[in-house]
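Presented below is the structure to which this report refers.
What you see is a predicted model, and the numbers here were worked out from it, not measured in a lab.
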Amino acid sequence: MGKPVVLVVMDGVGWTDKDNGNAVMHSYKPHIDELMSRWPHTAIKAHGTAVGLPTDDDMGNSEVGHNALGCGQIYSQGAKLVNESIESGAIYESKTWKDAIAYLKEHGGKLNFIGLLSDGNVHSNISHLIAMIKEAKKEGVAQVRVHALLDGRDVPETSALTYVDQMEELFSQLNDDSFHVCFASGGGRMTITMDRYEADWSMVERGWHIHVMGDGPMYPTMRQAIEQLRAEGGYTDQYLPGFVIGEGGVPAGPIEDGDSVILFNFRGDRAVELSKAFDYMDKGFDAFQMPKKPKVYYAGMLQYDGDLKLPDHFLVEPPHIEHTLSEFLVDKGVRSYACSETQKFGHMTYFWNGNRSEKFSEELETWEEVDSDIIPFDQKPWMKSTEITEKMLSAIASGKYQFLRCNYPNGDMVGHTGSYEATIIGVESVDLNLGRLMEACLKYDYCLLVMADHGNSDEMYDKGKNPDGSPKPKTSHSLALVPFAVFNGPEGIKVKDGDFGLANVAATTVKILGFEPDKAWLESITE
């Protein structure tokens, strides 16, 4: 007979002996240390080819990580999907690309690209933007505008000008009497446009004013905007206020009637809200007031929400994920419970269920969300870990569920702030609450599986030093392996020797539950 299972994802908690500001290593974490020493344990892959990304130099992220955890297989994801489509030319043969070009030509409009300007390969890749701009010129588009969201999160925190210079060089090579491309607006990804899970719609509203209306502080060039804002406010890239490029009070490229607009981010979570704004602007949209509603053709790089069919138009087909763990458990009549706070709730539900917003069974699946605070995470690094734990403890004690899962976002969300000290507190908060779950699993005889979805808080320092000699913060994910431990498992359970990744967790889970894993899945980590 199997045992019921509690699965915990410690988001962003990598497991490595390397110490470039390793907030995991230096945290007081007696429960994690116990799991990774006294109980069956190993370290597994959560990046690169193990989660469907192009190479093992590509950092994992929460989206592909939870896809892999929830489906037990490896699908081409994000950048790899887009890379394949661009390399084959399929993206330009898509109906969406053809319709976008035809629309702007018919109406004498511009082609607008909005997206994250970096090569972080988590939300976007600058190479995709470059390829599409070149194709647009080849196909006779006359005017192209780039609305650049600045990164500093998946890449070094003040690297924006590297990408700006790369684009300006491209512009100078392409511009001629028949074609003109330039920057039209910009701003930090954590200030405008890229909100997620409807945590702060005001970010999208600010982006609407900047990108669509050309309404904001105006600078003649991207470089001048970035340098001046940094000097005035000490901002890193991800927190730069929104701004408009233009001269003499005239913006270089507000989005207008007859334009086509492409959001070139491929990751869904921070693309959904802007897509709603464009797709729903004339369908009762009320998340914020729109002083301007241009008639445009809007498209995403991918369809960011398959259940909502959002956006209507998209360039690259997302992976069609089948044979998910949730489907398997519903078929077996197993009741499951999922919980996290807003920042990672979609990962425990939408991404876990194979990019589906809806449950497979209203009767058998229960989801509970804890509202995240709208506050910089380094100011409250414990986040909602206690509230998540309270809900998990109640669900365990109820005896209603045979499979429960939760995500503690602290290691990732606080790690992204670049604050080493705050991240220490974040990791320690997770460990403290993990101890409570361990006690409950012993009391009610549940098996506890503990892991992470990718690294982050294990590497808080970047190469080089600040001018004052202090360590330079690193705000992006890492390439570290992640911990995997089995607590209070079935008698005699062992971790096998092998090269395992997140996609091996589904089979591991159902074996402990007492089922034979789906034949489509990768093998179990345990025997």
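- Panel note: side chain Asn410, backbone Trp382; a donor-acceptor pair is recorded below 3.5 Å.
- In this structure, a donor-acceptor pair under 3.5 Å is present between the side chains of Thr324 and Glu327.
- If you check the side chains of Asp11 and Ser62, you find a donor sitting under 3.5 Å from an acceptor.
- Rounding to the nearest 0.5 Å places CD of Gln238 at 5.0 Å from CZ of Arg153.
- Using a 4.0 Å cut-off between a side-chain N of Lys or Arg and a carboxylate O of Asp or Glu, Lys359 and Glu362 qualify as a salt bridge.
- Proximity of Ile262 to Met301: side-chain heavy atoms (C-beta onward) are nowhere separated by under 4.5 Å.
- Atoms CG and CG, on Leu437 and Leu442 in that order, are 11.0 Å from each other to the nearest 0.5 Å.
- Looking at Thr191, its side chain does come within 3.5 Å of a backbone N or O of Tyr239 through a donor-acceptor pair.
- Aromatic rings from His477 and His416 are positioned such that their centres are separated by under 6.0 Å.
- The aromatic rings of Trp201 and Phe285 stand perpendicular to each other, their planes meeting at an angle above 60°, with 30° marking the opposite boundary.
- A cation-pi contact, defined as under 6.0 Å to the ring centre and within 45° of the axis, links Lys332 to Phe328.
- Applying the side-chain hydrogen bond (donor to acceptor under 3.5 Å, both in side chains) test to every pair with at least one member in residues 424-441, sequence neighbours left out, gives these pairs: His31-Asp431, Ser385-Asn433, Thr389-Asn433, Glu390-Arg436.
- Not one N or O on the side chain of Thr423 forms a donor-acceptor pair closer than 3.5 Å with the backbone of Gly426.
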Practice prompt. List the steps and the verdict of side chain to side chain contact (heavy atoms under 4.5 Å, CB included) for Asn20 and Met460.
Written response: CA-CA 6 Å; Asn20 295 320; Met460 294 298 297; over 6 Å; no
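- Using a distance-only test at 3.5 Å, with no hydrogens or angles considered, no donor-acceptor pair links the side chain of Asn355 to the main chain of Ile321.
- With respect to Asp412 and Lys344, a salt bridge is recorded, a charged nitrogen being found less than 4.0 Å from a carboxylate O.
- Between the side chains of Tyr163 and Asp119, a donor-acceptor pair is found at a separation under 3.5 Å.
- Between the Gln73 side chain and the Leu522 main chain, no donor and acceptor come within less than 3.5 Å of each other.
- A donor-acceptor contact shorter than 3.5 Å links the side chain of Ser340 to the backbone of Asn407.
- There is a side-chain donor-acceptor pair under 3.5 Å between Thr526 and Ser524.
- Ring centroid separation for the pair Trp208 and Phe278 comes in under the 6.0 Å cut-off.
- Remark: Asp279 does not engage Lys309 in a salt bridge, criterion side-chain N to carboxylate O under 4.0 Å.
- No side-chain N or O of Arg189 forms a donor-acceptor pair with one of Thr193 less than 3.5 Å apart.
- Counting only distance, with no hydrogens or angles, the side chain of Asp445 and the backbone of Cys441 share no donor-acceptor pair below 3.5 Å.
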Discussion item. Let's go through Lys80 and Gln77 carefully: what are the C-alpha distance in whole Å and the side-chain angles of both, what is the deciding distance for side chain to side chain contact (heavy atoms under 4.5 Å, CB included) to 0.1 Å, and is it a yes or a no?
Written reply: CA-CA 5 Å; Lys80 187 174 183 181; Gln77 292 277 5; 5.8 Å; no
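- Counting only N and O atoms by type, the side chains of Asn61 and His123 include no donor and acceptor under 3.5 Å apart.
- Annotation for Lys293: atom NZ counts as buried by contact number, over 12 foreign heavy atoms lying within 6.0 Å.
- Judged by distance alone, with hydrogens and angles left aside, the side-chain atoms of Glu273 form a donor-acceptor pair with the main-chain N or O of Arg196 at under 3.5 Å.
- Judged purely by distance below 3.5 Å, without hydrogens or angles, the side chains of Glu157 and Thr475 never pair a donor atom with an acceptor atom.
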Worksheet item: Taking it one step at a time, do His47 and Leu53 satisfy side chain to side chain contact (heavy atoms under 4.5 Å, CB included)?
Response: CA-CA 7 Å; His47 68 280; Leu53 297 173; 5.7 Å; no
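- Counting only distance, with no hydrogens or angles, the side chain of His347 and the backbone of Phe345 share no donor-acceptor pair below 3.5 Å.
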Item to complete: Walk me through it: do Lys3 and Asn488 pass the test side chain to side chain contact (heavy atoms under 4.5 Å, CB included)?
Response: CA-CA 10 Å; Lys3 295 185 72 169; Asn488 194 38; 3.4 Å; yes
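- Between Asp462 and Lys474, no side-chain nitrogen of the basic residue sits less than 4.0 Å from a carboxylate oxygen of the acidic one, so the salt-bridge criterion is not met.
- Aromatic ring orientation, Tyr401 versus Tyr337: tilted (interplanar angle from 30° to 60°).
- Rounded to the nearest 0.5 angstrom, Trp367 CH2 and Ser336 OG are separated by 9.0 Å.
- Residues Asn121 and Asp154 have side chains that never bring a donor and an acceptor to within less than 3.5 angstrom of each other.
- We find the CG-OG distance between Asn265 and Ser124 to be 5.0 Å, quoted to the nearest 0.5 Å.
- Each of Arg405, Lys391, Lys384 was compared with Glu368 under the salt bridge (charged side-chain N to carboxylate O under 4.0 Å, His left out) criterion, and only Lys391 meets it.
- In this structure, Asn504 CG and Ile525 CD1 are separated by 5.0 Å, a value rounded to the nearest 0.5 Å.
- One finds the CD1 atom of Ile192 at 6.0 Å from the CD1 atom of Ile210 (value rounded to the nearest 0.5 Å).
- Of the charged side-chain nitrogens involved, none lies within less than 4.0 Å of a carboxylate oxygen, so that Glu365 and Arg335 do not count as a salt-bridged pair.
- The side chain to side chain contact (heavy atoms under 4.5 Å, CB included) check on Asp33 picks up Trp15, Lys29, with sequence neighbours excluded.
- The residues Asp373 and Lys380 are annotated as salt-bridged, a charged nitrogen and a carboxylate oxygen being separated by less than 4.0 angstrom.
- Side chains of Ser326 and Asn353: a donor-acceptor N/O pair is present below 3.5 angstrom, by distance only.
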